Amino acid sequence: MDDRKSEEAGVNHRRTAKPEAPGAAQEAMLTVLAPSGATRGVALVLHGGRSHSFEPVQARHLSPARMVPFARHLHRAGRKHGLEVWILRNRVRGWNGEEMSPLRDARWALAKIRDRHPGVPVYLLGHSMGGLTAICAADDPQVDAVVALAPWLDDATPAAPLAGRKVLIVHGDQDRWTSPTASLRFARRAAPAAAVLQYVSLRGSGHFMFRRVRLWHTLATGFLMKAFGERDGTPADRAARQAGAFDRLVPPSAGTVVL
């Protein structure tokens, strides 16, 4: 993984629910967007960061803020059907080598989900470092599907956690922060063991997802709502439209698509 200074770019952040934290300073935090009724599935949203930094993550930092619109888009599509959305804010900003700080935070969050909602399917959505985290955390037994947006991947990234999982990787072909070529190599390596693996290359898009932002949202939400519907019965109205939009963009038989 290259040494990158930051992923900062502009998205406003406003907390939409009271955060839940384990009680210590500089700990990970969760924002929970509740469904309209009983919880039938949980999406965990994971943000990006830096290669090396033990600086605490703040709400004002733009890497976590960037994922709030994705979480809300997904929540709007799934809340009437029992999809609960959890937004994780990591303890520190870096991956930090063997410390793998965000992976520890994701596993903490998954344990919280398991305690509160044992047995429900979990869907992981991550950007950049959060995409790497989602892939590494996919071996949790409740995880059903993963979406990794512009993930930090290389030839050492383990593919084994994706065995039996439904996976979407989306990468802009103009990304200069993480490598779309490395993502595609990883996708080809992971595909034989995954239940589904689809790779989408977005023409003219860079790392921060400013260009074609609606398409980024549609792909992420559509894939996860499709997986949720297949697991829990086909959802109706908004959820079905999102899943249908994804299938129109990325046919089920397609392994790699350029949009």
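Bear in mind the structure is a predicted one, so any value in this text is a computation, not a measurement.
- Looking only at side-chain heavy atoms (C-beta outward), Trp86 and Val122 stay at 4.5 Å or farther from each other.
- Note on ring orientation: taking the six-membered ring where Trp is involved, the planes of His217 and Phe70 are perpendicular (angle over 60°, cut-offs 30° and 60°).
- Between Leu74 and Met225, some side-chain heavy-atom pair lies under the 4.5 Å cut-off.
- To the nearest 0.5 Å, the span separating CZ on Arg40 from CZ on Phe228 amounts to 5.5 Å.
- Looking only at side-chain heavy atoms (C-beta outward), Phe186 and Pro151 stay at 4.5 Å or farther from each other.
- In this structure a side-chain-to-backbone donor-acceptor pair under 3.5 Å is present from His127 to His207.
- Residues Tyr123 and Leu83 have side chains in contact (heavy-atom distance under 4.5 Å, counting atoms from C-beta outward).
- Among all heavy-atom pairs drawn from Ser63 and Gly49, the shortest one is OG-N, 4.2 Å.
- Of the charged side-chain nitrogens involved, at least one lies within less than 4.0 Å of a carboxylate oxygen, so that Arg107 and Asp139 count as a salt-bridged pair.
- Classification of Asp144 and Lys166 as a salt-bridged pair holds, one side-chain N sitting under 4.0 Å from a carboxylate O.
- Formation of a donor-acceptor pair under 3.5 Å by the Arg165 side chain with backbone atoms of Ala138 is found in this model.
- The residue from Thr133, Asn96, Leu46, Leu132 that alone fulfils the side-chain contact (heavy atoms from CB on, under 4.5 Å) condition with Pro102 is Thr133.
- For the atom pair Ser179 OG and His171 NE2, the distance stands at 6.5 Å (nearest 0.5 Å).
- Screening Leu125, Leu33, Val32 for a side-chain contact (heavy atoms from CB on, under 4.5 Å) with Val85, the sole residue that qualifies is Leu33.
- Residues Ser183 and Ile169 share a closest heavy-atom pair of CB-CG2, 4.1 Å.
- Contact record, Gly126 with Ala134: N-CB, 4.5 Å, taken as the closest heavy-atom pair.
- Here the OG atom belonging to Ser36 is positioned 6.5 Å from the NE2 atom belonging to His75, to the nearest 0.5 angstrom.
- A continuous path of Ile, Leu, Val, Met, Phe, Trp and Tyr side chains, each step under 4.5 Å between heavy atoms, connects Trp108 with Val143, placing both in one hydrophobic cluster.
- Grouping the Ile, Leu, Val, Met, Phe, Trp and Tyr side chains by contacts below 4.5 angstrom, directly or via other members, places Leu259 with Trp216.
- Taken from CG in Leu168 to CG in Leu149, the straight-line distance is 7.5 Å, to the nearest 0.5 Å.
- With hydrogens and angles disregarded, no donor-acceptor distance shorter than 3.5 Å links the side chain of Arg91 to the backbone of Asp105.
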>> Determine whether Phe223 and Val250 satisfy the following criterion, side-chain contact (heavy atoms from CB on, under 4.5 Å), listing intermediate values before the conclusion.
In response: CA-CA 9 Å; Phe223 183 85; Val250 187; over 6 Å; no
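- Under a hydrophobic clustering in which Ile, Leu, Val, Met, Phe, Trp and Tyr are joined whenever their side-chain heavy atoms come within less than 4.5 Å, directly or via other members, Val257 and Leu215 fall into the same cluster.
- With hydrogens and angles ignored, the 3.5 Å screen pairs a side-chain donor or acceptor of Gln142 with a backbone N or O of Val120.
- Leu249 places none of its side-chain heavy atoms less than 4.5 Å from the side chain of Val200.
- Gln198 places a side-chain N or O within 3.5 Å of a backbone atom of Pro251 that can act as its donor or acceptor partner.
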>> Test side-chain contact (heavy atoms from CB on, under 4.5 Å) on His47 and Val57; report intermediate values, then the result.
In response: CA-CA 10 Å; His47 66 79; Val57 179; 4.1 Å; yes
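- Put simply, the side chain of Arg176 gets close to the backbone of Gln174: a donor and an acceptor are under 3.5 Å apart.
- When all heavy atoms are compared, the tightest approach of Ala77 to His81 is O-CD2, 3.5 Å.
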> After noting the C-alpha distance and the side-chain angles of Arg50 and Trp95, does the key distance pass the side-chain contact (heavy atoms from CB on, under 4.5 Å) rule?
Replying inline: CA-CA 6 Å; Arg50 300 176 172 182; Trp95 179 264; over 6 Å; no
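- Remark: side-chain polar atoms of Asp175 are paired, donor with acceptor, to backbone N or O of Trp177 under 3.5 angstrom.
- Grouped with Val258 in a hydrophobic cluster is no other residue, since no side-chain heavy-atom contact under 4.5 Å to another Ile, Leu, Val, Met, Phe, Trp or Tyr is found.
- In this structure, Arg211 contributes its side chain and Gly204 its backbone to a donor-acceptor pair below 3.5 Å.
- The residue from Asp155, Thr157, Asp154 that alone fulfils the side chain to side chain donor-acceptor pair (under 3.5 Å) condition with Arg185 is Asp155.
- Here the shortest heavy-atom pairing between Ala145 and Ala227 reads CB-CB, 3.8 Å.
- Remark: side-chain polar atoms of His52 are not paired, donor with acceptor, to backbone N or O of Gly94 under 3.5 angstrom.
- Counting only distance, with no hydrogens or angles, the side chain of His61 and the backbone of Gln58 share a donor-acceptor pair below 3.5 Å.
- Following chains of ILVMFWY side-chain contacts shorter than 4.5 Å, one can reach Met100 starting from Leu153, so the two form part of one hydrophobic cluster.
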> Do Thr39 and Arg116 pass the side-chain contact (heavy atoms from CB on, under 4.5 Å) test, and can you show the C-alpha distance, the side-chain angles, and the key distance before you say yes or no?
Replying inline: CA-CA 10 Å; Thr39 298; Arg116 184 175 296 185; over 6 Å; no
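- Using a 3.5 Å distance cut-off with no hydrogens or angles, the side chains of Ser128 and Trp152 do pair a donor with an acceptor.
- Going from atom CG of Leu110 over to atom CZ of Arg114 covers 7.0 Å, rounded to the nearest 0.5 Å.
- Side-chain contact check for Ile135 versus Leu162: some heavy-atom pair is nearer than 4.5 Å.
- Linking Ile, Leu, Val, Met, Phe, Trp and Tyr residues whenever their side-chain heavy atoms come within less than 4.5 Å leaves Val92 and Leu62 in two separate clusters.
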